[in-house]
Asks: 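I am attaching a structure below and will ask some questions about it afterwards.
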There are 2 protein chains.
Amino acid sequence: MPQLDPAFAALSDPTRRAILARLAEGEATVQELARPFAISQPAVSRHLKVLEEAGLIETRIEGTSRPRRLKPERVEELWDWLGRFRAIWEERYRRLDVLLEEMGREDSAEK
Amino acid sequence: MPQLDPAFAALSDPTRRAILARLAEGEATVQELARPFAISQPAVSRHLKVLEEAGLIETRIEGTSRPRRLKPERVEELWDWLGRFRAIWEERYRRLDVLLEEMGREDSAEK
DNA sequence: TCTTTATATAAGTAATTTATTATATAACGA
DNA sequence: TCGTTATATAATAAATTACTTATATAAAGA
């Protein structure tokens, strides 16, 4: 799944995660998104481009402003990837537990 | 949560995700991890360092080899972050649905 | 003790990222 | 049409990443 690369990379920046958190509460323009941060407007536009290329947000054009909103599908993919991963290793630990338990029983049974 | 940065960054590389997938099946040495990839041993050691600094794996020293294994806590944190995020925006969409439904009712009621 | 094996570290390099300031574009409103 | 507003793009620079090959370290075994 090659689209996981840009999505995880996009999430690795705290400014971008804060932008996403803001967008989780509703659409916002570049101005609104830039205000809380100590960075320039072009820098925010760049972060938005990264998020959009990662498939995490989308843009609507409304006159001279371009409000952004979340696009949830990609986060579902990340969620699924992590979920499968967790499942595999939890299964592994479960098997390990069973193994240790069996060894315990053999210990008690032997002699 | 500053430790999210290196963890998400670590996951953005497909080689590192493949390493984690391998480790989900059990401990492995640098040699074993390097074999399936077309990159040098030092490059694999570097990836492992990135994963370890992100808190995703840990190292055990056994003679001359250093088998790596998963350290699940950090993935739980990522899982939780994504989960909270999903919850917020699903709540938002839920509210939006309610709003649209109310608007629908008003439409039907009016006139 | 010497050699081999497993791994880490160093030095060098190319590509990518993230910011800045300055400027371009395009819609809106007087 | 002209000035203002919202946003994007360009040019540049600094920092970071991800490799490579060469070398260092440290334990194991003859």
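What's counted below: heavy atoms across the whole structure, side chains too, no hydrogens, waters or symmetry copies. Residue numbers begin at 1 in each chain, while the letters A, B, ... track the order of the sequences.
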Asks: Hey, where on DNA chain D does chain B first and last touch, going 5' to 3'? Cut-off is any atom under 4.0 Å from a heavy atom.
Replies: D/dA18 to D/dA28

Asks: Please write out the pairs of protein N or O atoms and N or O atoms of nucleotides 16-20 of chain C separated by less than 3.5 Å, giving the distance to one decimal.
Replies:
unit_1, atom_1, unit_2, atom_2, d
C/dT18, OP1, A/R16, NH2, 3.3
C/dT18, OP2, A/R16, NH1, 3.2
C/dA19, OP2, A/H47, NE2, 2.3
C/dT20, OP2, A/S40, N, 3.2
C/dT20, OP2, A/S40, OG, 2.5

Asks: Hey, are the side chains of B/L78 and B/L82 touching, using non-hydrogen atoms and a 4.5 Å cut-off?
Replies: no

Asks: Between A/R68 (side chain) and A/R66 (backbone), is there a donor-acceptor pair under 3.5 Å?
Replies: yes

Asks: Do B/V44 and B/L48 have side-chain heavy atoms sitting under 4.5 Å apart?
Replies: yes

Asks: Let's go through A/E76 and B/R86 carefully: what are the C-alpha distance in whole Å and the side-chain angles of both, what is the deciding distance for salt bridge (Lys or Arg N to Asp or Glu O under 4.0 Å) to 0.1 Å, and is it a yes or a no?
Replies: CA-CA 8 Å; A/E76 289 304 313; B/R86 280 172 89 227; 2.7 Å; yes

Asks: For the residue pair A/L70 and B/F85, establish whether any side-chain heavy-atom pair is separated by less than 4.5 Å.
Replies: yes

Asks: Donor-acceptor check, side chain of B/R74 to backbone of B/A54, threshold 3.5 angstrom: yes or no?
Replies: yes

Asks: Has B/R16 got a side-chain atom pairing as donor or acceptor with B/A10's backbone, closer than 3.5 angstrom?
Replies: yes

